[in-house]
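Counting convention: from 1, in listed order, for ligands and their atoms alike.
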Amino acid sequence: METIRANLQRVQDRIRNACLRSGRDPASVRLIAVSKTVAPERIRQGVAAGLKVLGENYVQEALRKMDSLADLDLEWHFIGHLQTNKVKHAIARFHWIQTVDRVKLAREIDRRASSLGKRMPVLLQVRLGGEETKAGVDPEELPKLYDEVSRMDGVEVRGLMTLPPYLEDLEAVRPHFSGLRRLLQMLRDRASDPDRLTELSMGMSHDFEVAVEEGATMVRVGTALFGARPQ
Ligand SMILES: *Cc1c(COP(=O)(O)O)cnc(C)c1O
């Protein structure tokens, strides 16, 4: 319990300092606590320490935890690879889906959300690194994906997300984050309602400070809060 509280304090201090360095308001950065593999009891300790927003990668695992933690007022973000056959469950329980990277997935979200009378906030996941992960739309394809998804009533595109390759050298990862910021600006220039298109989800435990300096509005932090995950 004390460990999570101390970790959270440290992460919040680092976010605040990165904001001060870059002239940003610390309130403009939301901490998404990535709780994959973390047991509900530990998540509960994190919530007691001040966590409010959780990120999960696997739908079934997340649904079980949501049931165990149903008495808490939490916001859940889906941050993993979403298969279309899991969309139905994800839509019903998650508040945001951060990993929309293809029209087919967006169509399924649109269909399921519309049938529940919902408009699902989503981020488009962009692949900036290339090799490391297969998920994400290529930057050249992003405008086309955005144009198609932004016409769907059951989906609201609120911004972009990226998962760059793990790089020891933090300055080598910076161009990924500034690149995502530029892509968001490019989309805002063509958006009918740019005020709704503002989110940049980028930065993890080892690089979130650089991401904040480059404009992250959501950082997704797991290890630095909950400790190392089992392999
Ligand atoms: C696991 C995961 C994170 C958190 O990684 P840490 O290094 O533990 O902070 C963030 N984003 C995504 C998409 C993840 O899968």
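Checked for salt-bridge contact, Glu61 and Lys36 miss the test: no charged N lies under 4.0 Å from a carboxylate O. Ionic pairing of Asp67 and Arg64 is not present here: no N-O contact between side-chain nitrogen and carboxylate oxygen is shorter than 4.0 angstrom. Between Glu108 and Arg111 there is a salt bridge, since a side-chain N of the basic residue sits under 4.0 Å from a carboxylate O of the acidic one.
Summarising the geometry, atom CE belonging to Met161 is positioned 14.5 Å from atom CG belonging to Leu184; distances are rounded to the nearest 0.5 Å.
Judged purely by distance below 3.5 Å, without hydrogens or angles, the side chains of Thr217 and Glu199 pair a donor atom with an acceptor atom.
Considering each of Gly55, Ala33, Ser205, Gly227, the one bringing a non-hydrogen atom nearest atom 6 (P) of ligand 1 is Ser205.
Every atom of ligand 1 with a heavy atom of Val34 under 4.0 Å away is listed here by number and element: 1 (C), 2 (C), 3 (C), 4 (C), 10 (C). For ligand 1 and Val221, the ligand atoms under 4.0 Å from any heavy atom of the residue are 9 (O). Counting the atoms of ligand 1 from 1 in the order shown, those under 4.0 Å from a heavy atom of Arg220 are 4 (C), 9 (O), 10 (C), 11 (N), 12 (C), 13 (C). The ligand atoms of ligand 1 that sit less than 4.0 angstrom from a heavy atom of Asn57 are 14 (C), 15 (O). Per-residue contacts place Gly222 under 4.0 angstrom from the following atoms of ligand 1 (heavy atoms of the residue considered): 4 (C), 6 (P), 8 (O), 9 (O).
Of all the heavy atoms of Thr223, the ones lying under 4.0 Å from any atom of ligand 1 are found in both the backbone and the side chain. Using a 4.0 Å cut-off between heavy atoms, Arg229 contacts ligand 1 through its side chain alone, with no backbone atom that close.
For atom 2 (C) of ligand 1, the closest heavy atom belonging to the protein is Lys36 NZ, 2.5 Å. In terms of protein heavy-atom proximity, atom 13 (C) of ligand 1 is closest to Ile79 O, 3.5 Å.
For Tyr166 and His206, the gap between ring centers is short of 6.0 Å.
You'll find the side chain of Cys19 reaches within 4.5 Å of the side chain of Val29, heavy atoms only. The shortest distance between side-chain heavy atoms of Lys52 and Arg30 does not fall below 4.5 Å.
Checked by distance only, ligand 1 and Met204 stay at 3.5 Å or farther apart across all their nitrogen or oxygen atoms.
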